[in-house]
Number of protein chains: 2
Amino acid sequence: MPRKSSAADAPLRLDNQICFAVYSAAHAFNRVYKPLLDRLGLTYPQYLVMLVLWERDDVPVKDIGERLFLDSGTLTPLLKRLEAAHLVKRTRSSEDERQVLIALTAQGHALKEKARSVPQSILAASHCTVPELVAMKDEIVALRDRLNAVIGE
Amino acid sequence: MPRKSSAADAPLRLDNQICFAVYSAAHAFNRVYKPLLDRLGLTYPQYLVMLVLWERDDVPVKDIGERLFLDSGTLTPLLKRLEAAHLVKRTRSSEDERQVLIALTAQGHALKEKARSVPQSILAASHCTVPELVAMKDEIVALRDRLNAVIGE
DNA sequence: GCACATTCAATTGCGAACAATTAAATGTGA
DNA sequence: TCACATTTAATTGTTCGCAATTGAATGTGC
């Protein structure tokens, strides 16, 4: 017996899922970023870590993780790759030997200048105005924060 | 010389990146889905594939890939895991031997009933109304489609 | 009919992402 | 002080996600 589409199935239809909209948009962003970041020698998650470090240097792994919602299982190998690329240095904190502090190298600082053109390219690809993007961003962040609040409960 | 924060750095600040909003929201969704999908024995990408198949059965891998924006490098092993879990069957098409058709097993069909409670739980976790979520979804899909259009150019 | 291009899935290799565990350093209470 | 909990990275194992390649099947232009 062939199942016919029913109103009861609407909640399970792919195109009704906001999670899939977000999931597929994240992948679309990644694909747009790829050629831009290739020129910097970075992957997208590595770019995010560099954004954090360009704001503030010499921070423990944990701080980066809290900022990006990532744990050491993701960050440790990623940071080792950035170190291998001579963009960061990893040193144990002398005050607290548990912490590993991540500092930019000269190359890491210098890369910031090459990265300045990236946001502009993304803006162009989005075909949106800045106020539109800011409004969307704020909505998405608000949703994300509500979801993260549910996880902790 | 300590770098001080400047207006010129605004485009590179993490909190100004819509891509990071989307990226981190996708991960937040994943974490909310995880306990719900664990009960179904599915990962989130596997759940997406099942959503596609619950809409229409007996489709080639390529169709699933176009629907989810995923390629065979991702789907082939994922579908093999779904087959190992007795949720789908993979058979070469007789009309076109290049295609592999994915069909739901009885268990695969049955899982749909257990999945019906998932969207309701996600809605609750979002603390949004349905119209709000629909509006956000439509905006995000529109942005995604514009980004994907740029890639193909 | 035959060389050639195209399509489709599978494979390989690398980089995330995360759960779960481990180990070392630090903090706390009796 | 000393047993115990907590914090912090690192590690291991599984699953995505994608680029690049392979190989088989199909389509095409002459």
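Proteins get letters first, then strands, A, B, ... in listed order; numbering begins at 1 in each.
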Between atom [atom1] in [X] and atom [atom2] in [N], what is the gap in whole Å?
X     : N      : atom1 : atom2 : answer
B:H27 : C:dA16 : NE2   : P     : 11 Å
A:L70 : D:dA9  : CG    : P     : 13 Å
A:Y33 : C:dA16 : OH    : C1'   : 17 Å
B:F69 : D:dC18 : CZ    : P     : 11 Å
B:D38 : C:dC18 : CG    : P     : 14 Å
A:Q99 : D:dT8  : CD    : P     : 6 Å
B:L48 : D:dT15 : CG    : P     : 17 Å
B:L82 : C:dA9  : CG    : C1'   : 16 Å

| query | Under 3.5 Å, is there an N or O donor on one side and an acceptor on the other linking the side chain of A:S72 and the base of D:dA10? | reply | yes
| Any side-chain heavy atom of A:E139 within less than 4.5 Å of one from B:E139? |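 Yes, their side chains come closer than 4.5 Å.
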Do NZ/NE/NH1/NH2 and the carboxylate oxygens of [X] and [Y] come within less than 4.0 Å?
X     : Y     : answer
B:E97 : B:R92 : no
A:D15 : B:R67 : yes
A:D9  : A:R13 : no

Among the candidates [options], find the nucleotide nearest to the side-chain atoms of [X].
X     : options                : value
B:L78 : C:dA9, D:dC16, D:dT26  : D:dC16
B:Y23 : C:dA17, C:dA9, C:dC18  : C:dA17
A:R98 : D:dT15, C:dA24, D:dA10 : C:dA24
A:D71 : C:dG15, D:dA10, C:dA19 : C:dA19
B:R92 : C:dA9, C:dG15, D:dT26  : C:dA9

Phosphate OP1/OP2 of [N] contacted by [X] side-chain N/O (<4.0 Å):
X     : N      : answer
B:R81 : D:dC16 : yes
B:K80 : C:dT11 : yes
A:K34 : C:dA16 : no

| message | At 4.0 Å (heavy atoms only), tell me whether B:P60 reaches a base, stays on the sugar-phosphate, or touches nothing. | response | sugar-phosphate
| message | Just to be sure I understand the rule, does B:L75 reach a base, reach only the sugar-phosphate, or reach nothing, if contact means heavy atoms closer than 4.0 Å? | response | nothing
| said: On DNA chain D, does the nearest nucleotide to B:P45 precede the nearest nucleotide to A:T74 from the 5' side, or the other way round? Give the residue. | reply: A:T74
| task | For B:D96 and for A:G73, locate the closest nucleotide of DNA chain D by heavy-atom distance; then report the residue assigned to the nucleotide nearer the 5' terminus. | result | A:G73
| query | Mind checking whether A:Y44 and B:Y23 have ring centres under 6.0 Å apart? | reply | yes
| request: Please work out which of the three classes, parallel, tilted or perpendicular, describes the rings of A:W54 and A:Y47, given edges at 30° and 60°. | output: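 The rings of A:Y47 and A:W54 stand perpendicular, inter-plane angle above 60°.
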